[in-house]
Amino acid sequence: MDEELHERVREVIASVPAGTVATYGDVAALAGAPSPRMIGRILSEDGHDLPWHRILRANGTPAPHLVHRQLELLRAEGVLARGQKVDLRTYRWHPEP
DNA sequence: GTTGTGACTCCAT
DNA sequence: CATGGAGCCACAA
């Protein structure tokens, strides 16, 4: 049944609309993942098809080696970042009922 | 079986 | 803002 979790995570990430971002914790919670760490691992292996650039850390900063990449892609979608930090308060994705 | 590492988060100092 | 400890799961050696 862990495959479903895998699918769920992918689905949640794919559900994040352009111009918005989500945190690892949010994705983990929405997908029912056991821990936010799994999100990173899944992205690292199966994130090639997913908008992984819309996934940020809890403080609004992307992962260390992708920082530049993330911010550039996000900027292309209209998500402006201040230095390395994105305004989660403004761009954080809010799932609709 | 343990140990170390990782695209993590939270809280205390 | 920096640092450290605790919690968490998966995988390689």
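All chains are named by letter (A, B, ...) in the order of the sequence lines, taking the proteins before the strands, and each is independently numbered beginning at 1. It should be emphasised that the depicted structure is a prediction, and the values quoted were computed from it without experimental measurement.
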- Let me know the distance between CG of A/Leu5 and C1' of C/dC9, rounded to the nearest Å. 10 Å
- In whole angstroms, how far is the P atom of B/dG6 from the CD1 atom of A/Ile42? 19 Å
- Message: Using the P atom as the point on both nucleotides, what is the distance between C/dA6 and B/dA7, in whole Å?
- Response: 23 Å
- Spacing of A/Ile55 atom CD1 relative to B/dG6 atom C1', expressed in whole Å: 17 Å
At a cut-off of 3.5 Å, list every protein nitrogen or oxygen paired with a nitrogen or oxygen from nucleotides 9-13 of chain B, distance to 0.1 Å.
| residue | atom | partner | partner atom | Å |
| --- | --- | --- | --- | --- |
| B/dT9 | OP1 | A/Ala58 | N | 2.6 |
| B/dT9 | OP2 | A/Ala58 | N | 3.4 |

- Positive for side chain to side chain donor-acceptor pair (under 3.5 Å) with A/His53, one of A/Gln70, A/Glu77, A/Arg69: A/Glu77
- Message: Do A/Val86 and A/Val16 land in one hydrophobic cluster if side-chain heavy atoms of ILVMFWY residues count as linked below 4.5 Å?
- Response: no
- Note on the structure: Residues A/Gly83 and A/Leu71: closest non-hydrogen pair is O-CD1, 3.5 Å
- Task: Grab the CZ-C1' distance between A/Arg54 and B/dA7 for me, whole Å please.
- Result: 17 Å
Acceptor/donor pairs from residues 41-50 of chain A side chains to any protein atom, 3.5 angstrom cut, sequence neighbours excluded:
| residue | atom | partner | partner atom | Å |
| --- | --- | --- | --- | --- |
| A/Arg41 | NH1 | A/Glu45 | OE2 | 3.2 |
| A/Asp46 | OD2 | A/His6 | NE2 | 2.6 |

- Do A/Arg92 and A/Thr23 have side-chain atoms, one donor and one acceptor, less than 3.5 Å apart? yes
- Message: Is the shortest side-chain heavy-atom distance between A/Trp93 and A/Val12 below 4.5 Å?
- Response: yes
- Message: For a quick test of reading the model: is some side-chain N or O of A/Arg41 closer than 4.0 Å to OP1 or OP2 of C/dC11?
- Response: yes
- Near-strand residues of residues 68-85 of chain A, defined as heavy-atom separation under 4.0 angstrom from DNA chain B: none
- Task: In whole angstrom, give the distance that lies between atom CE of A/Met38 and atom P of C/dG7.
- Result: 18 Å
- Query: When the distance from CD of A/Glu45 to P of B/dG6 is rounded to whole Å, what number comes out?
  - Reply: 15 Å
- Message: So if I apply the side chain to side chain contact (heavy atoms under 4.5 Å, CB included) rule between A/Tyr91 and each of A/Leu74, A/Leu56, A/Val21, which one comes out positive?
- Response: A/Val21
- Could you tell me whether the side chain of A/Leu5 reaches within less than 4.5 Å of the side chain of A/Pro34, counting heavy atoms only? yes
- So A/Leu80 and A/Arg75, side chain to side chain contact (heavy atoms under 4.5 Å, CB included) or not? Walk me through it. CA-CA 5 Å; A/Leu80 302 181; A/Arg75 192 178 52 151; 4.1 Å; yes
